[in-house]
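Handing you a structure now.
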Amino acid sequence: MIDTAGLRIMRAISEQGSFTAAANSLGYTQPAISQMVRRLEGRIGTPLVQRQGRTVRLTQAGEVLARHAVTVLGMMDAAEQELSAIAGLAKGRVRLAAFPSSSAALVPQALGSLRAEHPGIEITLLEAEPPEALAALRGGRCDLAVAFSYSGADVGRGVDDLHGLEIRDLFTDEMVIAMPEGHPSAGQDRVAMKELQESPWIAGCARCRGHLMDLGHQAGFAPRVEFETEDYVAVLGLVSAGMGVALVPRMVLRHIRHEGVVTRPLATPSHRTIHAVSTQDLLRVPAVGSALGALVAAAAELAETHDVELATE
C-alpha cells in the first residue's frame with residue numbers, strides 16, 4: 001500500500017505545511033502532490049490530510065505515516081550509501097553537524113584528513129549547537145554530530161534524547177576566564193568564581209549560559225549576563241573593550257586571540273567534553289565510520305599539540 005514516493009510526500013507535507021511548499025521541496029507540481037495523496041489515501045482507506053485554506057494539517061493517520069517515513073527513508077538512505085561505498089569508499093556521503101567552536105581546529109583537521117584519504121566521499125557540514133545537531137541526526141538530516149557537554153551533566157541533558165544513539169567521547173577541554181587586562185583579578189594565577197560576582201558577563205548558547213549559571217550558583221551568586229553571542233571572536237572583542245568577563249574553552253584560544261584580554265583558569269577547574277554522536281546503523285556505513293575515525297585521530301593530535309586531554313574509554 002505504501003511506497004517510497006508516498007513516504008517522501010508525507011514527510012515533506014509534515015515539514016512544509018502545505019501542498020505547494022511540499023511540491024517545491026520535492027520538485028513536483030502542486031496538482032501532482034494532491035493527486036498522489038488522494039491515491040495513497042485510497043490505498044490505505046483513511047484520510048491523511050485535512051485541507052485548511054492554503055495549508056494542510058495531517059490527520060492522526062497522516063502523522064503516523066510521516067513519523068515512520070523519517071525512520072524508513074533514513075534507513076533506505078543509509079542502505080544506498082553503504083552499497084555505493086562497498087568499492088573501497090570510492091563513493092559515499094558524510095553529513096556532519098558540529099557546534100561552531102569545534103570548527104576552529106577539530107572539524108577542519110578531521111575533514112581534511114578524510115578528504116585526502118577518500119577524495120570520492122561527498123562531505124557536507126552543518127553548523128549547529130548540540131540540541132540542534134542531535135535533532136538533525138534524529139531527523140535524518142545528518143549522519144554524524146559533534147556535540148559537547150559540561151562536567152556534571154552528560155550530553156543527553158534536558159532536550160537531548162540519546163535513546164538509540166552511539167556516543168564516542170573525543171577529548172576534554174578546560175574552560176578558562178577571559179577578562180580585560182585591567183580587571184582586579186587579572187594578576188592572579190587562578191580565579192575563584194566568587195571574585196567575579198560583581199562583574200558583568202558575556203555568554204553564548206543556552207547550554208553555555210546554563211553551565212555559567214551552575215558555576216555561579218555553586219559560588220553563591222547569579223551571574224549578571226549583559227551580552228549574549230555564540231561567536232567567540234565577538235566574545236573576546238567585548239572582553240577587550242571592557243564590557244565584561246566570559247567563560248571560554250581553552251582550545252578556542254589557540255586560534256582566536258585579542259589584544260587586551262587576559263585568560264586565567266578557575267580555582268575549581270571546569271571542563272567540557274567533546275563527543276561524536278551517531279547511530280549504530282549509520283556507523284556501519286563505511287564513509288560515516290571513516291569520518292568518525294578521522295575525528296578520533298584529529299582529537300588525538302589535538303591532545304598532543306593543544307591543552308586538551310584525550311578522552312578515555
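Numbers here are sequence positions counted from 1. For the numbers below, each heavy atom of this structure counts, side chains included, while hydrogens, waters and symmetry mates do not.
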Query raised in the report: Where is the tightest heavy-atom contact between C205 and E230, given as atom of each residue plus distance?
Result: N-CG, 3.7 Å
Query raised in the report: Do other residues, nucleotides or ligands put more than 12 heavy atoms under 6.0 Å from R51 CZ?
Result: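 Above 12, so yes.
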Report task. Is it possible for you to say whether I2 and V70 belong to one hydrophobic cluster, with membership spreading through side-chain heavy-atom contacts below 4.5 Å? Result -> no
Query raised in the report: In Å and rounded to the nearest 0.5 Å, what is the OG to CD distance from S240 to E259?
Result: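 Separation between the atoms: 8.0 Å.
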Query - Over all atoms of both residues, closest heavy-atom pair of L292 and A276 - result: CD1-CB, 3.6 Å
Report task. Check the pair L295 / Q109 against side-chain contact (heavy atoms from CB on, under 4.5 Å), numbers first and verdict last. Result -> CA-CA 8 Å; L295 284 170; Q109 190 168 326; over 6 Å; no
Query - Lys/Arg N to Asp/Glu carboxylate O, D173 vs R250, below 4.0 Å - result: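 No, this pair does not count.
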Query raised in the report: Just wondering, do T273 and F171 contact through their side chains at under 4.5 Å, heavy atoms?
Result: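 They are not in contact (no side-chain heavy atoms under 4.5 Å apart), so the answer is no.
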Query - Minimum side-chain heavy-atom gap H183-S199 below 4.5 Å - result: yes
Requested in this report: Say whether V233 and V235 are linked into one hydrophobic cluster, either directly or through other cluster members, by side-chain heavy-atom distances under 4.5 angstrom.
Outcome: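 Same cluster.
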Query raised in the report: When rounded to the nearest 0.5 angstrom, what is the spacing between CD1 in I13 and CE in M36?
Result: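 It is 10.0 Å, given to the nearest 0.5 Å.
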Query - Where I202 and M243 come nearest, the two heavy atoms and their spacing - result: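 Result for this residue pair: CD1-C, 4.5 Å.
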Query raised in the report: Under a 4.5 Å cut-off applied to non-hydrogen side-chain atoms, are S290 and L114 in contact?
Result: yes
**Report entry** side-chain contact (heavy atoms from CB on, under 4.5 Å) between V261 and M179, intermediate numbers included
**Finding:** CA-CA 6 Å; V261 176; M179 64 190 80; over 6 Å; no
Query raised in the report: Can you check whether V277's main-chain N or O pairs, donor with acceptor, with R168's side chain at less than 3.5 Å?
Result: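 No, because the side chain of R168 does not come within donor-acceptor range (under 3.5 Å) of the backbone of V277.
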Query raised in the report: What heavy-atom pair brings V285 and A78 nearest, and what distance separates the two atoms?
Result: CG2-O, 3.7 Å
Query raised in the report: So how far is it from E195 CD to S185 OG, rounded to the nearest 0.5 Å?
Result: 4.5 Å
Requested in this report: Give a yes or no on whether the backbone of Q30 and the side-chain of S34 come within a donor-acceptor separation of less than 3.5 Å.
Outcome: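 It does not hold such a pair.
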Query raised in the report: Do any N or O atoms from the side chain of H118 and from the backbone of G120 form a donor-acceptor pair under 3.5 angstrom?
Result: no
Requested in this report: Apply the test side-chain contact (heavy atoms from CB on, under 4.5 Å) to residues S101 and F148: give CA-CA distance (whole Å), side-chain angles for both, the deciding distance (0.1 Å), then the verdict.
Outcome: CA-CA 10 Å; S101 60; F148 65 87; 5.7 Å; no
Query raised in the report: Does any non-hydrogen side-chain atom of P180 lie less than 4.5 Å from one of V245?
Result: yes
Query raised in the report: Is R141 close to L126 at the side-chain level, that is, under 4.5 Å between some pair of heavy atoms?
Result: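 In short, these two side chains do not touch, never coming nearer than 4.5 Å.
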Report task. Would you confirm whether S270, through its side chain, and M175, through its main-chain N or O, come within 3.5 Å as a donor-acceptor pair? Result -> no
Query raised in the report: CE/M10 to CD/E63 distance, rounded to the nearest 0.5 angstrom?
Result: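 Here the rounded value is 9.5 Å.
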Query - L283 side, atom CG; L144 side, atom CG - distance, nearest 0.5 Å - result: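 Spacing of CG (L283) from CG (L144) equals 7.0 Å.
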Query raised in the report: Has the side chain of S102 got a donor or acceptor atom that lies under 3.5 Å from a matching backbone atom of F99?
Result: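 Yes, the answer is positive, given that a donor and an acceptor are paired below the 3.5 Å cut-off.
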Query - Gap between atom OG of S278 and atom CD1 of I167 - 0.5 Å precision - result: 11.0 Å
Query raised in the report: For L266, which of R190, M193, E174 qualifies under side-chain contact (heavy atoms from CB on, under 4.5 Å)?
Result: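 With L266 as partner, R190, M193, E174 yield a single side-chain contact (heavy atoms from CB on, under 4.5 Å), made by M193.
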Query - Contact summary for R93 and D143, nearest pair of heavy atoms - result: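 Answer, listing the atom of R93 first, then D143: O-OD2, 3.8 Å.
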Query raised in the report: Within a reach of under 6.0 Å around CD of E117, are more than 12 heavy atoms found that belong to other residues, nucleotides or ligands?
Result: no
Query - ILVMFWY network linking V288 to M75, side-chain heavy atoms under 4.5 angstrom - result: no
Query raised in the report: Should L236 and V248 count as side-chain neighbours, where that means a heavy-atom distance under 4.5 Å?
Result: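 Yes, their side chains come closer than 4.5 Å.
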Report task. For R264 and A186, indicate whether the former's side chain and the latter's backbone hold a donor-acceptor pair under 3.5 Å. Result -> yes
Report task. Carefully, step by step, assess T71 and R138 under the rule side-chain hydrogen bond (donor to acceptor under 3.5 Å, both in side chains). Result -> CA-CA 9 Å; T71 302; R138 286 203 172 279; over 6 Å; no
Query - Residue of the set T59, V37, L40 for which side-chain contact (heavy atoms from CB on, under 4.5 Å) holds with V49 - result: V37
Query raised in the report: Any idea which heavy atoms bring A128 and A133 closest together, and the distance?
Result: CB-N, 3.9 Å
Query raised in the report: Looking at E129 and R207, does any basic side-chain N land under 4.0 Å from a carboxylate oxygen?
Result: no
Query raised in the report: Within a strict 4.5 Å, meaning less than it, do heavy atoms of the L247 and H211 side chains meet?
Result: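 L247 vs H211: side chains touch.
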Requested in this report: Identify whether the distance between the nearest side-chain nitrogen and carboxylate oxygen of R224 and E226 falls below 4.0 Å.
Outcome: yes
Report task. Check whether any side-chain heavy atom of V64 sits under 4.5 Å from a side-chain heavy atom of H68, and report yes or no. Result ->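 Side-chain contact under 4.5 Å: yes.
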Report task. Show your working on side-chain contact (heavy atoms from CB on, under 4.5 Å) between M213 and V225 and close with a plain yes or no. Result -> CA-CA 9 Å; M213 293 302 171; V225 177; 3.6 Å; yes
